[in-house]
Structures are given as C-alpha cells and as structure tokens.
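Report on the following structure.
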Amino acid sequence: MAEIRVPLMDLKPQTRALKAELLEAFSRVLDNTAFCLGPEVAAFEEEFAAYCGTSCAVGVNSGTSALHVALRAVGVGPGDDVVTTPFTFVATSWAICYCGARPVYADIRPDTFTLDPERVAAALTPRTKAILPVHLYGQPCDLEPLLDLARRHGLPLIEDAAQAHGAQYRGRPVGAWGTVGCFSFYPGKNLGACGEGGAAVTSDRALAEELRLLRCHCETERYRSKAVGYNYRMEGLQAAALRIKLKRLNEWTARRRELAARYDRLLAGSAVRTPAVGADRTHVYHLYVVRHERRDELAEFLAARGIGTGKHYPLALHRQEAFAGLGLGEGRFPEAEAAAREVLCLPLYPELSDEQADEVAAAICEWSASRG
Ligand SMILES: *Cc1c(COP(=O)(O)O)cnc(C)c1O
C-alpha cells in the first residue's frame, strides 16, 4: 500500500489551528466545573439555534441521541412505523428501533441519493407515525413535497441533518423545516466537537421542553421522573469547543464548496459521475461523492497513488444483518443497492489544498483514460 499523501479527511490541521483557543475555553470549564450541561451548553444552544433559524436548540451527547429524543418527543413508540431511507448511516434507523418502532424504507432518487417523495407517499400506512428523511452528504433532501405529504397526513417530519450543518433549501437552513432537526457533532462532521455531541433544533417551545426532559431522565424536578428518560446530556467541554468552531463554520463551508466546484470542473470529462445538486438547494459537501460501476477498482487505483477514498455506504440498511428481521431481500430497493455498489467519496475537508484536489482529479482522469 502506498503512503497516504492525500487523506480522505484530516482533523489535525483544524485542531492545530484552534488549539490555543480551545485550551483557553477548556480551562474556563475546568474552573467553573460545569461538566454536564451548564452555561457553555446554554450559550451554545442559543448560538446554534440562531444559526439554524429556530427558536430552540437542545444539546445532547450525539446525533443518534438527538434523533432518538426527537422521535420520542413526537410520540413514536412500540408498534409504530417510521418511513425513512435505506441509504444512510445506520444510526438513522437505530433511533427508530430504540423507540420500539419499525423502520419502513422507501427508495432514494438515483441523482441526489436522497428519499424519493413519490416512494415515501406509497410507503405510508395507518401505522406510520413519522417521516425521517436524511440530508445525505450535506445536500438537503426534497423537503417541500415531503413536508406536503407530512402535512396532509398529519405526520411529524424529523430531519436527519447530521451531515448538513448550514445547508439551505430555498434559502433557509435545514433543521428549521421539519418538526425537529437533528444534528451530529461527531469530530468528522462539518461542525465537530472534540468528542461526541449532537443537538435537536425546533421552533416549537413545548416540544423543546419535552426534548430537554428526555435528555435528562425525564426529570420534571430533581428525583421526579414523569416517564422513561435518558442520560443524553451535552458536556460543557464539548459545548465550549463547538462555540469556537461554530464561528468558523461558514468560512469552512465556503471552502468545502470551492473545492467541490473545483472537482466538478476537473472531473467533467472523466468516467465518473459528479454530484448532482437539486435546484433551490445549497450543498455543504460533508462528503464529495462520485459514482462509477467499477468504483472498487477506482478506489484501489487511487490508493496505489496515496489517495484516500471512502465508501459511504457500502451496504444498504435493509441488507444489514441487524435488519434481517424486516425480511427485505436483495432487489427490494434497487436504487439504494446500486448506490451502495457505486459511490466513492473523494478527499474533501476545508484544509485540503487546491494542489491536493488537482492531484486527485488528475489521477481519476488518468484512470478514466486508461479504461478507454
Ligand atoms: C453521523 C450520523 C448520525 C449519527 O450521529 P452520531 O453523532 O455519530 O451519533 C446519524 N445520521 C447520519 C446521517 C450521520 O451521518
């Protein structure tokens, strides 16, 4: 294996650049000892809600937890169905299972890899209690038709925005469109903590209160729980780091978009299909994903040149062993299955240089040419 010269992602440059500022913020938390929730979390919640254009944000300990409390808050429980995508990170479906509910999949659109609203409509039944789309790779899903469906059927729509901080649909940030928007601050996400973190955002104050209860044992007062709750509190140290990074997020997103445009331009004549972006949307490129029938071969070719790639995600959720009980065989969601076979993520993070991106694109063009 060649030495990796252009990694898929590298957290070190960003962390190094912010190290002094992070240490100062951590020191503040060490002094006030507000390790779980506390003033840093409250301040971050206010700042993140403003960023999303919602009135409330509730900080939790992961994106998975955000999805779980969001579904619980809108009343999803045992025996319910939640319509969602089979082509995403598995945590989207975990949250449904944690509620005792069942994921019901609808296939994706082959161009944007996000839920196909027509297939969602066909998947709704009287048991459906919520719709859970994902803004995959940083591109907003087709929100308007999905929200329209949700409204007509009286269903909450929960957005999995774990990969899409700051992405916009019709000029308005994702997370603010649905009943609740869920974000992850896992270190590799566009806004990443120095550890685990997540948030659920909403403009419904009663719902926000419910989310706050759920993240902390459902305690209405100390040692009085009104229902089964969780220990999903956000940590003060993570909030302190996130407040520093949130100030840079727009600048980092602009750089991601600049690099994506560069790839788009350089790969235009190559064998791979570059990302399609729907009208009225801005893509924040958590991942820059190309498509080719022989992506494994391309991945090996790039690895031999020291270029890292990723396959997000190589197995659709209905084909995971964990979901064998759903009885959904191969061929059930052909678009998701084809995407799982054909997608390849290229190196992209704000500190990637133009020269590195050029090197990746040149290697892909060389591979394309060598294959006729
Ligand atoms: C990362 C991610 C999650 C889970 O977030 P964690 O913070 O890792 O729990 C959920 N959904 C999607 C689409 C993700 O990318």
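Computed over heavy atoms, backbone and side chain alike; hydrogens, waters and symmetry mates excluded.
The residue from Y232, Y98, W94 that alone fulfils the side-chain hydrogen bond (donor to acceptor under 3.5 Å, both in side chains) condition with H68 is Y232.
Heavy-atom contacts from other residues, nucleotides or ligands closer than 6.0 Å to CZ of R152 number more than 12. Around atom CD of E219, more than 12 heavy atoms belonging to other residues, nucleotides or ligands sit under 6.0 Å away. Other residues, nucleotides and ligands contribute over 12 non-hydrogen atoms within 6.0 Å of the CD atom of E366. Environment of OH in Y186: sparse, with no more than 12 heavy atoms of neighbouring residues, nucleotides or ligands closer than 6.0 Å. More than 12 heavy atoms of other residues, nucleotides or ligands shown are found within 6.0 angstrom of CD on E330. No more than 12 heavy-atom neighbours from other residues, nucleotides or ligands sit within 6.0 angstrom of CD on E24.
T282 places a side-chain N or O within 3.5 Å of a backbone atom of Q168 that can act as its donor or acceptor partner. Here the side chain of R119 pairs no donor or acceptor atom with the backbone of A123 at under 3.5 angstrom. No donor-acceptor pair under 3.5 Å is formed between the side chain of R102 and the backbone N or O of I96. At least one donor-acceptor pair closer than 3.5 Å links the side chain of S370 to the backbone N or O of W367. Here the side chain of T220 pairs no donor or acceptor atom with the backbone of K226 at under 3.5 angstrom. Looking at Q356, its side chain does come within 3.5 Å of a backbone N or O of S353 through a donor-acceptor pair. R257 contributes a side-chain N or O that, together with a main-chain N or O of H283, makes up a donor-acceptor pair within less than 3.5 Å. Checked by atom type and distance alone, the side chain of S225 pairs as donor or acceptor with a backbone atom of H217 at under 3.5 Å. A donor-acceptor pair under 3.5 Å is absent between the side-chain atoms of T88 and the main chain of T85, judged by distance alone. Counting only distance, with no hydrogens or angles, the side chain of S368 and the backbone of S270 share no donor-acceptor pair below 3.5 Å.
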Verdict with supporting geometry, L124 and V104, side-chain contact (heavy atoms from CB on, under 4.5 Å): CA-CA 9 Å; L124 298 178; V104 169; over 6 Å; no

Stepwise side-chain contact (heavy atoms from CB on, under 4.5 Å) test for V82 and I131: CA-CA 6 Å; V82 176; I131 303 175; over 6 Å; no

Stepwise salt bridge (charged side-chain N to carboxylate O under 4.0 Å, His left out) test for K311 and D296: CA-CA 9 Å; K311 295 164 192 174; D296 290 331; 2.9 Å; yes

Intermediate values then yes/no, side-chain contact (heavy atoms from CB on, under 4.5 Å), L136 and Q163: CA-CA 6 Å; L136 198 71; Q163 304 186 351; 3.8 Å; yes

Candidate pair K12 and E351, rule salt bridge (charged side-chain N to carboxylate O under 4.0 Å, His left out), full reasoning: CA-CA 9 Å; K12 289 202 176 77; E351 299 78 14; over 6 Å; no

Worked check of salt bridge (charged side-chain N to carboxylate O under 4.0 Å, His left out) between D354 and R255: CA-CA 10 Å; D354 288 350; R255 177 60 183 157; 2.9 Å; yes

Trace of the side-chain contact (heavy atoms from CB on, under 4.5 Å) decision for D31 with S27: CA-CA 6 Å; D31 287 339; S27 164; 4.0 Å; yes

R248 and E251: CA distance, side-chain angles, deciding distance, salt bridge (charged side-chain N to carboxylate O under 4.0 Å, His left out) verdict: CA-CA 5 Å; R248 268 81 171 192; E251 183 190 311; 5.4 Å; no

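Judged by distance alone, the side chains of S62 and S65 do bring a donor and an acceptor atom under 3.5 Å apart. In summary, the side chains of Y285 and N190 do not present any donor paired with an acceptor at a separation below 3.5 Å, with no hydrogens or angles considered. Side-chain N/O atoms of E159 and H135 include a donor and acceptor closer than 3.5 Å. Between the side chains of T128 and D81, no donor-acceptor pair of N or O atoms lies under 3.5 Å. Checking T112 against Y137 by side-chain atom types alone, no donor-acceptor pair falls below 3.5 Å. Using a 3.5 Å distance cut-off with no hydrogens or angles, the side chains of E337 and H318 do pair a donor with an acceptor.
To the nearest 0.5 angstrom, T274 atom OG1 is 13.0 Å from Y263 atom OH.
I108 and V290 fall into different hydrophobic clusters, defined by Ile, Leu, Val, Met, Phe, Trp and Tyr side-chain heavy atoms under 4.5 Å apart, directly or through other members. In terms of hydrophobic clustering, with Ile, Leu, Val, Met, Phe, Trp and Tyr side chains grouped at heavy-atom distances under 4.5 Å, F87 and L328 are assigned to a common cluster. Under the 4.5 Å side-chain contact rule for hydrophobic residues, L249 and M234 share a cluster. Linking ILVMFWY side-chain heavy atoms closer than 4.5 Å, directly or via other members, places V76 and L207 in a single hydrophobic cluster. In terms of hydrophobic clustering, with Ile, Leu, Val, Met, Phe, Trp and Tyr side chains grouped at heavy-atom distances under 4.5 Å, L266 and V272 are assigned to different clusters.
Between R127 and D80 there is no salt bridge, since no side-chain N of the basic residue sits under 4.0 Å from a carboxylate O of the acidic one. Between R72 and E210, none of the side-chain N atoms (NZ, or NE/NH1/NH2) sits under 4.0 Å from a carboxylate O, so this pair counts as no salt bridge. A salt bridge is absent between R224 and E221: the closest approach of a Lys/Arg side-chain nitrogen to an acidic carboxylate oxygen does not fall below 4.0 angstrom. The pair E359-R305 does not meet the salt-bridge criterion, since no charged nitrogen lies less than 4.0 angstrom from a carboxylate oxygen. In this structure, E40 pairs ionically with R243, as a charged nitrogen and a carboxylate oxygen lie closer than 4.0 Å. Taking a cutoff of 4.0 Å between a charged side-chain nitrogen and a carboxylate oxygen, R291 and D111 do not qualify as a salt bridge. Between R109 and E335, no side-chain nitrogen of the basic residue sits less than 4.0 Å from a carboxylate oxygen of the acidic one, so the salt-bridge criterion is not met. Ion pairing between a basic and an acidic side chain is recognised when a charged N comes within 4.0 Å of a carboxylate O; D358 and R262 show such pairing.
When every heavy atom of A241 is checked against every heavy atom of C194, the shortest pair comes out as CB-SG, 3.9 Å. Residues S203 and T54 approach most closely at OG-CA, 3.3 Å, considering heavy atoms. The two residues L115 and T84 have their closest heavy-atom pair at CD2-O, 3.7 Å. In terms of heavy atoms, R215 sits closest to V41 at NH1-CG1, 4.5 Å. Contact between C345 and H312 at its shortest, heavy atoms only, is SG-ND1, 3.1 Å. For the pair E144 and R151, the tightest heavy-atom approach, listed with the atom from each and the gap, is OE2-NH2, 3.3 Å.
Taking the six-membered ring for Trp and thresholds of 30 and 60 degrees, F183 and F48 have ring planes more than 60 degrees apart, a perpendicular arrangement.
Geometrically, R256 does not engage W252 in a cation-pi contact, judged by NZ or CZ lying under 6.0 Å from the ring centre and within 45° of the ring axis.
Between L71 and I158, some side-chain heavy-atom pair lies under the 4.5 Å cut-off. In this structure, V180 and V201 have side chains that are not in contact, with every pair of non-hydrogen atoms separated by 4.5 Å or more.
Taking the ring centroids of F113 and Y313, they lie at or beyond the 6.0 Å cut-off.
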